[in-house]
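A short worksheet on the structure shown next.
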Protein chains: 2
Amino acid sequence: MPKVGMEPIRRRQLIQATMEAIDEAGLADATVIRIARRAGVSAGIISHYFGGKDGLLEATMRQILHDLGEAVATRRAALGRAEPRAHLEAIIDGNFDRSQVSGPVAKTWLAFWASSMHKPTLQRLQSVNDRRLYSNLCHQFRRCLPRDEARRAAQGLAAMIDGLWLRGALAPEGLDVAQARRLAYDYLDQQLAREPALA
Amino acid sequence: MPKVGMEPIRRRQLIQATMEAIDEAGLADATVIRIARRAGVSAGIISHYFGGKDGLLEATMRQILHDLGEAVATRRAALGRAEPRAHLEAIIDGNFDRSQVSGPVAKTWLAFWASSMHKPTLQRLQSVNDRRLYSNLCHQFRRCLPRDEARRAAQGLAAMIDGLWLRGALAPEGLDVAQARRLAYDYLDQQLAREPALA
DNA sequence: TTTTATTGATTGAACGTTCAATAAAAATAT
DNA sequence: ATATTTTTATTGAACGTTCAATCAATAAAA
């Protein structure tokens, strides 16, 4: 059924199938045959479009990071120069979106997280994303807290977000998004309450 | 050099070598040959003492969980009926001990964490440990907070601990234990400040 | 007819496991 | 003490399996 312009279609299908395969069997057992079968194509097509299995895995991680960045950016775009609290809440909401989207994404994310410790390519992607989260948080906290307190608050909130999400990815029943948001908001409130005001 | 009573020695050597191999190359590339070479023995000995590679991996995770439990228990044993805050601080300190011990342990822990999503045996071990942490935290918070608030504080602190440790395991420079403790203590203080007192 | 997309059998490398062979220590007999 | 036997610990080559990658063959669309 070869039609012209299949590349973007196949790429999307294979990336989606990769997440499903990792969700189903784990990264170690997500073989090219398993992924290809899920996408309804043959194994050889992976090398054709991604240069090999590693290329597909990297593309999949890029997709997840892209979606995450977009989930945050979309929510913040509507805010303009709103209060810091609104921006910080948007960052929290955006970060818990990735779990809301699906269980496969969460498990794939954690699998890549572990894998990135020993694969320089993935590590770079992960590091860039991490720094972006910290930088965004820090910048907003700076609008109402002194420098050192802002840094501390940003690190604490980043850890809280990652921790909640990590525990959610591992729990058989998945992440309780409403509760996770409540705990993150709670932490946020306490950090913002440190300084009475700063007109 | 076969001497009698080698079993406990070899088991310890191989478990240690497993952590080092995972630290060095990741779980995926921690082959039996690599592990055996690190321990200074041949590959076959792994099947002899652990029944196979899976048995060795399970034993390694058990060792890590055991050490963690002991690190917490040791610190709490000296406290007796001390204030809840002292017990909670001991739990925090004990949990950050596992990173203090070495980088290999942290990376192995994260590798198992990801792997446990698809290996029932590891999942059970991980789940038991998780519930113990939550249960311990919840019990201490109950001594000075109402039920719902205690649960929330326990879940928040557990997420904070895991998040700090997770980010530490991934950071190239490792976990800054002093700073992690500061952030966890900080969260603890805020939770305990919710209720003025409860004589 | 030419181009584009896809297949799937094949290849070679790497893995975990097995097991007959070996060697050192311990036990026993001399 | 010394020699012999038994036990225990260990090796490493061989085996079967599994995987990712390759590429000649194929088929549909342009």
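So you know, we letter chains A, B, ... as the sequences are listed, proteins then strands, and number each from 1.
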*NA contact type, A:Gly55, heavy-atom cut-off 4.0 Å: base, sugar-phosphate, or nothing?*
nothing

_Euclidean distance, atom CZ of residue A:Arg37 to atom P of C:dT7 [Å, nearest integer]_ = 12 Å

_Residue-phosphate contact under 4.0 Å: A:Arg34 side-chain N/O, D:dC19 OP1/OP2_ = no

*Look at the side chain of A:Val4 and decide which nucleotide, out of D:dA30, D:dA20, D:dA21, has an atom nearest to it.*
D:dA30

*Salt-bridge contact B:Asp176-B:Arg182 (side-chain N to carboxylate O under 4.0 Å)*: no

_A:Leu14 CG to C:dT6 C1', straight-line distance once rounded to whole Å_ = 12 Å

*Could you check A:Thr31 against B:Tyr49 and say which one's nearest nucleotide on DNA chain D is further toward the 5' end?*
B:Tyr49

*Atom-pair distance (CD1 on B:Ile46; P on C:dC19), nearest Å*: 18 Å

_As a test of reading the structure: which of D:dA21, D:dT10, C:dT6 is closest to the side chain of A:Ser47, going by heavy atoms?_
D:dA21

*Would you indicate what A:Gly52 reaches in the nucleic acid, counting non-hydrogen atoms under 4.0 angstrom: base, sugar-phosphate, or nothing?*
sugar-phosphate

*asked:* Do the side chains of A:Arg38 and A:Glu24 get close enough for a salt bridge, i.e. N-O under 4.0 angstrom?
replied: yes

*Look at the side chain of A:Ile45 and decide which nucleotide, out of C:dT7, D:dA21, D:dT11, has an atom nearest to it.*
C:dT7

*asked:* For a quick test of reading the model, state the closest non-hydrogen atom pair linking B:Glu58 to B:Leu122 and the distance between them.
replied: CA-CD2, 4.2 Å

*What do you reckon, are the aromatic ring centroids of B:Trp113 and B:Trp165 less than 6.0 Å apart?*
yes

*Protein-nucleotide distance (B:Ile33, atom CD1; D:dA14, atom P), rounded to Å*: 14 Å

_End axis versus end axis in the helix from C:dT1-D:dA30 to C:dT30-D:dA1, the angle rounded to 10°, five pairs used at each terminus_ = 10°

*Does a sphere of radius 6.0 Å around CD1 in B:Ile33 hold more than 12 heavy atoms from other residues, nucleotides or ligands, not counting ones at 6.0 Å or beyond?*
no

_For A:Phe141, give me all partners under ring pair (Phe, Tyr, Trp, His ring centres under 6.0 Å), at least two apart in sequence or on another chain._
none

*With heavy atoms under 4.0 Å as the rule, sort B:Gly5 into base, sugar-phosphate or nothing.*
sugar-phosphate

*Among the candidates C:dT7, D:dT11, D:dT10, find the nucleotide nearest to the side-chain atoms of B:Val41.*
D:dT11

*Of all the choices, C:dG16, D:dA20, D:dA9, which nucleotide is nearest to the side chain of B:Met6 once you look at every atom?*
D:dA9

*Are B:Arg34 and B:Asp29 close enough for a salt bridge, meaning some N to O gap below 4.0 Å?*
no

